[in-house]
Amino acid sequence: MGKNQRSQIEMTGEEVSRFLEQSRTCTMATVGPGGMPHLVAMWYAWLDGHVWLESKAKAQKIVNLRRDDRLAVMVEAGNTYETLRGVSLEGRGVIVEDPDMIWRVGVNVWERYTGPYSEEYRSFVEAMLRKRVAVRLDVERTRTWDHRKLGMGQTELGGTTGPHIDGPGLPGPG
């Protein structure tokens, strides 16, 4: 990317919010016991302008956050250069053990990935949240990119990985 293009591809606050609201999976990074990044793919909740995660209270990522609260989350999309977009959020992970907040996060996750919540699903959400905590990301730095703003022409999905990408109109694994 050439000079001055960084500002061209930044997302606005509204675009960031919409992207996080509509995306499905994030990569969560905590600091592991030896100082190495500990990366995991996670589903997440988007509540009150914050990314929220839920996890087993004894999971390594939670153990890591109790020792060192630094947390980064990245959400990305796109399969060709001109369609790449994403949001990287860095900050502090606040572990929340309040049952009401854990429930809100759990219901949001249920709705984002399963469908509308109703009381008939209560037992499923309760089981999903057993022995869990919630984590709110308090953002200190946001980085964004949306290469669609560059106005480049569309390129074909290619390379050795192209045939293995699923999507509308794209071939599945072969």
Side-chain angles (χ1 to χ4, degrees), residues 1 4-78 83-118 121-122 124-149:
M1 200 174 319
N4 300 323
Q5 286 187 317
R6 178 79 204 128
S7 62
Q8 289 177 0
I9 64 170
E10 289 175 345
M11 291 185 194
T12 66
E14 182 179 307
E15 289 169 333
V16 168
S17 183
R18 186 173 46 250
F19 183 74
L20 293 173
E21 183 180 302
Q22 295 174 353
S23 296
R24 286 185 72 84
T25 306
C26 73
T27 302
M28 173 186 184
T30 58
V31 180
M36 290 295 291
H38 176 88
L39 298 168
V40 292
M42 297 283 296
W43 283 354
Y44 64 94
W46 179 244
L47 286 169
D48 306 324
H50 287 276
V51 168
W52 286 81
L53 306 143
E54 53 87 13
S55 179
K56 291 186 180 194
K58 293 184 178 183
Q60 184 63 54
K61 57 191 158 289
I62 302 303
V63 172
N64 292 345
L65 285 171
R66 289 189 193 284
R67 185 185 60 260
D68 184 332
D69 67 352
R70 290 180 290 174
L71 174 62
V73 167
M74 183 178 75
V75 180
E76 61 173 334
T83 63
L84 295 177
R85 60 194 187 283
V87 174
S88 176
L89 305 168
E90 299 170 0
R92 305 294 167 172
V94 178
I95 298 171
V96 176
E97 299 185 65
D98 171 59
D100 292 335
M101 194 64 224
I102 294 170
W103 182 257
R104 276 190 73 207
V105 170
V107 168
N108 185 275
V109 168
W110 176 270
E111 291 185 332
R112 285 173 56 81
Y113 302 100
T114 306
Y117 174 79
S118 67
Y121 300 117
R122 176 175 282 279
F124 294 107
V125 176
E126 286 173 342
M128 178 180 89
L129 296 175
R130 195 167 291 124
K131 298 181 182 179
R132 299 238 199 249
V133 297
V135 176
R136 182 186 70 238
L137 174 56
D138 286 351
V139 176
E140 297 173 356
R141 183 173 185 182
T142 301
R143 294 184 184 126
T144 67
W145 58 96
D146 186 345
H147 289 193
R148 299 173 308 172
K149 294 181 175 188

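Worth knowing before you read on, the calculation uses all heavy atoms, side chains too, and leaves out hydrogens, waters and symmetry mates. Computed from a predicted model, the values in this text were never measured in an experiment.
The structure places CZ of Arg104 at 10.5 Å from CG of Asp98, a figure rounded to the nearest 0.5 Å. Considering CG of Leu129 and NZ of Lys131, their distance stands at 14.0 Å, rounded to 0.5 Å. Distance check: Glu97 CD to Ile102 CD1 gives 6.5 Å after rounding to the nearest 0.5 Å. Interatomic distance, NE2 of His50 versus CG of Leu89, reported as 11.0 Å (0.5 Å rounding). Considering CD of Glu90 and CE of Met74, their distance stands at 11.5 Å, rounded to 0.5 Å. Of the inter-residue distances, the one linking Met101 atom CE with Arg136 atom CZ reads 8.5 Å to the nearest 0.5 angstrom.
Within 6.0 Å of the OH atom in Tyr121, the count of heavy atoms belonging to other residues, nucleotides or ligands does not exceed 12. Annotation for Arg112: atom CZ counts as buried by contact number, over 12 foreign heavy atoms lying within 6.0 Å. With a 6.0 Å radius and a threshold of 12 heavy atoms from other residues, nucleotides or ligands, Tyr113 has its OH atom above the threshold.
Using cut-offs of 30° and 60° for the angle between ring planes, the Tyr117 and Trp103 rings count as perpendicular.
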| request: Could you please spell out the steps behind the side-chain contact (heavy atoms from CB on, under 4.5 Å) verdict for Val133 and Arg66? | output: CA-CA 12 Å; Val133 297; Arg66 289 189 193 284; 4.1 Å; yes
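The residues Glu126 and Arg130 are annotated as not salt-bridged, no charged nitrogen and carboxylate oxygen being separated by less than 4.0 angstrom. In summary, Asp69 and Arg92 engage in a salt bridge, as defined by a charged side-chain N under 4.0 Å from a carboxylate O.
The minimum heavy-atom distance linking Asn108 with Trp46 is given by the pair OD1-N, 3.1 Å. For the pair Val125 and Gly106, the tightest heavy-atom approach, listed with the atom from each and the gap, is CG1-C, 4.2 Å. Across every non-hydrogen atom of Val135 and Gly93, the tightest pair is CG1-CA, 3.9 Å.
For the salt bridge (Lys or Arg N to Asp or Glu O under 4.0 Å) with Asp146, the qualifying choice from Arg143, Lys149, Arg148 is Arg148, the only one to do so.
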What donor-acceptor contacts under 3.5 angstrom involve side-chain atoms of residues 22-39, with partners at least two apart or in another chain?
{"unit_1": "Ser23", "atom_1": "OG", "unit_2": "Phe19", "atom_2": "O", "d": "2.7"}
{"unit_1": "Thr30", "atom_1": "OG1", "unit_2": "Asn64", "atom_2": "ND2", "d": "2.9"}

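With contacts defined as side-chain heavy-atom distances shorter than 4.5 Å, the pair Val96/Trp52 qualifies.
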